[in-house]
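A, B, ... follow the sequence lines: proteins, then strands. Residue 1 opens every chain.
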There are 2 protein chains.
Amino acid sequence: MRQRLTKRGEQRRRQIVDLSARRFATQGYHATSITDIVNELKVGKGVFYWYFSSKEELFREILLTAQHDLRRLQQAAIEGEDDPLRRIELGIRASLDWLGKHRHLFMLFHFAAGDERFSSMIRKGEQVAVEDATRHLKEAIAAGQIREADPTVLGHAILGVINHLTRVLIFELGEPMDRVVDETIAFCLFGLKASTCPSPASKGPDPSD
Amino acid sequence: MRQRLTKRGEQRRRQIVDLSARRFATQGYHATSITDIVNELKVGKGVFYWYFSSKEELFREILLTAQHDLRRLQQAAIEGEDDPLRRIELGIRASLDWLGKHRHLFMLFHFAAGDERFSSMIRKGEQVAVEDATRHLKEAIAAGQIREADPTVLGHAILGVINHLTRVLIFELGEPMDRVVDETIAFCLFGLKASTCPSPASKGPDPSD
DNA sequence: CACAATCTTGACTCCTCAGTCAAGTGTCTC
DNA sequence: GAGACACTTGACTGAGGAGTCAAGATTGTG
């Protein structure tokens with residue numbers, strides 16, 4: 001952090017980050033000791049503390065990097081799309097895609113969400129994601145593409161579906177990616193009902209109360 | 001577990017369970033030591049190990065009891081309701097109700113889901129819940145009340161929405177219970193679209209195919 | 001080469017915490 | 001009240017892990 005790194009130093013640092021992320025994901029954060037990590041790298045313990053001031057700092061960095069990476073992908077995915085509802089769909093697809101490709105990082109998010117030390121980071125990341133989504137949701141509501149509802153709530157509901165379906169279907173049941181993507185989008189758009197509904201973008205007339 | 005408990009013993013045991021559950025929820029499982037617990041109860045350490053063989057066993061018991069309690073409430077809530085879609089709705093309401101009333105246990109579920117030692121229990125519990133829901137979902141599909149889709153997926157999607165909205169809206173944003181309940185149900189039924197749909201529990205008329 | 005900065009070593013310290021145990025107290029039962 | 005069983009005590013053990021540090025190796029630079 002504080003000192004300048006040579007090329008060799010950069011490499012070592014990345015080596016530590018990558019290995020740790022994987023071990024944290026497979027064995028768990030608590031079950032992975034610094035000693036484990038440096039042993040696997042066949043280096044002395046001081047090496048770790050040359051690059052990171054603590055295990056916690058390392059983990060925070062892993063999380064933050066992952067969050068930024070995911071967000072970057074989401075934004076790249078929707079770039080240039082005009083239809084707000086379509087942007088949402090593309091965002092969902094991009095997210096699932098990223099999660100599928102970085103399963104170990106998904107595991108880390110999952111762990112972090114349940115740990116007091118890190119849950120605030122996850123919350124912050126989710127908030128950012130929902131704020132991003134909120135913009136498109138508002139537009140879509142204004143355009144009458146989707147029902148009137150608090151866009152923040154909608155955003156979080158979508159997030160909940162993505163997280164849970166990803167975990168259960170992809171990680172635990174080993175379902176194929178595409179199917180999960182389609183099911184997720186179908187549920188987010190239509191919920192349980194509404195195969196019977198009028199086709200997609202009808203103007204919203206009279207809400208019930 | 002193994003020995004018979006006197007009334008005094010039962011009381012002590014419950015005392016330990018209750019206090020631990022609360023401390024695990026507020027300070028975190030790892031941050032709560034057995035020493036903490038017995039100190040707060042002003043008893044010797046041996047007391048703990050008279051009633052429980054390990055910290056892990058205690059936590060498992062807390063989880064299991066909570067899961068059973070939640071399920072009991074869900075089943076009581078839908079008992080006697082004929083309409084399958086309505087049963088689902090009642091089940092969702094009951095779940096949210098229970099989660100709101102036992103926030104500390106919800107926190108424990110959340111932690112447990114992200115920890116390798118306990119996540120299998122959570123998965124199992126979720127599976128049971130989804131299997132319960134699946135029965136009603138299948139019926140509802142057969143009756144043409146909801147769209148055709150894999151009921152397991154639908155069940156998990158609902159679970160994801162419940163969990164996430166509960167956490168974010170109730171625990172983090174402090175939204176009133178009723179609003180969250182309504183929003184959750186609305187999202188599960190209609191997704192983003194379909195304010196235009198026929199009102200909630202109409203008898204299933206003509207399915208599309 | 002010199003000498004400075006980066007990087008590495010690994011034994012060591014410090015601490016926390018789960019779990020044990022031998023000895024003691026309280027309570028129930030006959 | 002005597003013996004049995006339930007409960008309690010709290011110092012102790014042992015394991016394990018985070019983080020330190022003084023000394024040494026390697027690399028970059030003038």
Side-chain angles (χ1 to χ4, degrees), chain A residues 1-63 108 111-112 115-118, chain B residues 1-63 108 111-112 115-118:
Chain A
M1 268 289 111
R2 43 180 57 80
Q3 74 280 262
R4 35 182 337 115
L5 298 179
T6 63
K7 194 157 281 184
R8 178 189 171 196
E10 293 277 13
Q11 227 171 307
R12 222 333 93 78
R13 199 184 142 90
R14 191 154 310 157
Q15 204 181 165
I16 294 171
V17 169
D18 288 346
L19 176 69
S20 306
R22 278 184 165 74
R23 290 204 85 116
F24 287 155
T26 51
Q27 308 181 249
Y29 176 79
H30 292 288
T32 305
S33 67
I34 305 300
T35 309
D36 283 347
I37 294 168
V38 294
N39 282 352
E40 180 153 343
L41 289 176
K42 294 187 199 317
V43 295
K45 209 167 189 182
V47 168
F48 182 90
Y49 289 96
W50 178 257
Y51 297 98
F52 299 94
S53 66
S54 73
K55 190 183 176 184
E56 205 173 313
E57 187 205 280
L58 165 66
F59 190 70
R60 289 203 140 81
E61 177 172 324
I62 293 171
L63 280 185
L108 295 188
F111 158 77
D115 187 288
E116 309 66 50
R117 264 171 305 186
F118 307 116
Chain B
M1 270 286 113
R2 43 182 57 81
Q3 76 277 267
R4 29 178 347 113
L5 297 179
T6 64
K7 194 157 284 183
R8 178 189 170 197
E10 293 276 13
Q11 226 171 307
R12 183 61 95 206
R13 201 184 141 87
R14 191 153 311 157
Q15 206 181 162
I16 294 171
V17 169
D18 288 346
L19 177 69
S20 307
R22 278 183 167 75
R23 290 205 86 118
F24 286 155
T26 51
Q27 307 180 245
Y29 176 79
H30 292 288
T32 306
S33 66
I34 307 300
T35 309
D36 283 347
I37 294 168
V38 295
N39 282 353
E40 179 152 344
L41 289 177
K42 294 190 200 314
V43 296
K45 208 166 191 183
V47 168
F48 182 90
Y49 289 95
W50 178 257
Y51 297 98
F52 299 93
S53 66
S54 72
K55 190 183 176 184
E56 206 172 311
E57 187 205 280
L58 164 67
F59 190 70
R60 288 203 141 80
E61 177 172 324
I62 294 171
L63 280 185
L108 295 187
F111 158 76
D115 187 288
E116 308 68 49
R117 264 170 307 187
F118 307 116

Problem - Rounded distance in Å - CZ (B/Phe59) to P (C/dG19) - result: 15 Å

Practice task
Identify the heavy atoms of B/Ala31 and B/Asp36 that sit nearest to each other, and give their distance.
Solution key: O-OD2, 3.5 Å

Exercise for the section: Would you name the heavy atoms of A/Ser20 and A/Ile62 that are closest together and state the gap between them? Expected result: CB-CD1, 4.2 Å

Practice task
Measure from NZ or CZ of B/Lys55 to the centre of the six-membered ring of B/Tyr49 and say whether it is under 6.0 Å with the direction within 45° of the ring axis.
Solution key: no

Problem - Value in whole Å for how far the C1' atom of C/dC28 lies from CD of B/Glu10 - result: 16 Å

Practice task
Check every strand shown and say whether B/Val43 touches a base, only sugar-phosphate, or nothing at a heavy-atom separation below 4.0 Å.
Solution key: sugar-phosphate

Practice task
Using a strict cut-off of less than 4.0 Å between a Lys/Arg side-chain nitrogen and an Asp/Glu carboxylate oxygen, indicate whether A/Glu10 and A/Arg4 qualify as a salt bridge.
Solution key: no

Exercise for the section: Measure from CG on A/Leu5 to C1' on D/dT26 and round the result to the nearest Å. Expected result: 15 Å

Handout entry: For atom CD1 of B/Ile34 and atom P of D/dG10, their distance in whole Å
Key = 17 Å

Problem - Upstream residue (5' side of DNA chain C) when A/Lys7 and B/Lys55 are each assigned their closest nucleotide - result: A/Lys7

Problem - Minimum-distance nucleotide (side-chain atoms of B/Val47 versus D/dT8, D/dG17, D/dG19) - result: D/dT8

Problem - Distance below 4.0 Å between B/Arg8 side-chain N/O and C/dC28 OP1 or OP2 - result: no

Handout entry: Aromatic contact, B/Phe59 with B/Phe111 (centres under 6.0 Å)
Key = yes

Exercise for the section: Mind calculating the distance between CD (B/Gln15) and P (D/dT8) to the nearest angstrom? Expected result: 9 Å

Practice task
Give a yes/no answer on whether the side chain of B/Lys45 brings an N or O atom under 4.0 Å of OP1 or OP2 in D/dG10.
Solution key: no

Exercise for the section: May I have the distance from B/Tyr49 (atom OH) to D/dC12 (atom P), rounded to whole angstrom? Expected result: 18 Å

Completion exercise
To the nearest angstrom, the CZ-C1' distance between B/Arg12 and D/dT9 comes to 12 Å

Exercise for the section: Scan A/Gly46 against the nucleic acid and name what it touches under 4.0 Å (heavy atoms): base, sugar-phosphate only, or nothing. Expected result: base

Exercise for the section: Tell me whether the OP1 or OP2 atom of D/dC7 has a side-chain N or O from B/Trp50 closer than 4.0 Å. Expected result: yes

Exercise for the section: Look at the side-chain N and O atoms of A/Thr6 and state whether any lies under 4.0 Å from the OP1 or OP2 oxygen of C/dC7. Expected result: yes

Practice task
Give the rounded distance in Å between these two atoms: CD of B/Glu56 and P of C/dA18.
Solution key: 12 Å

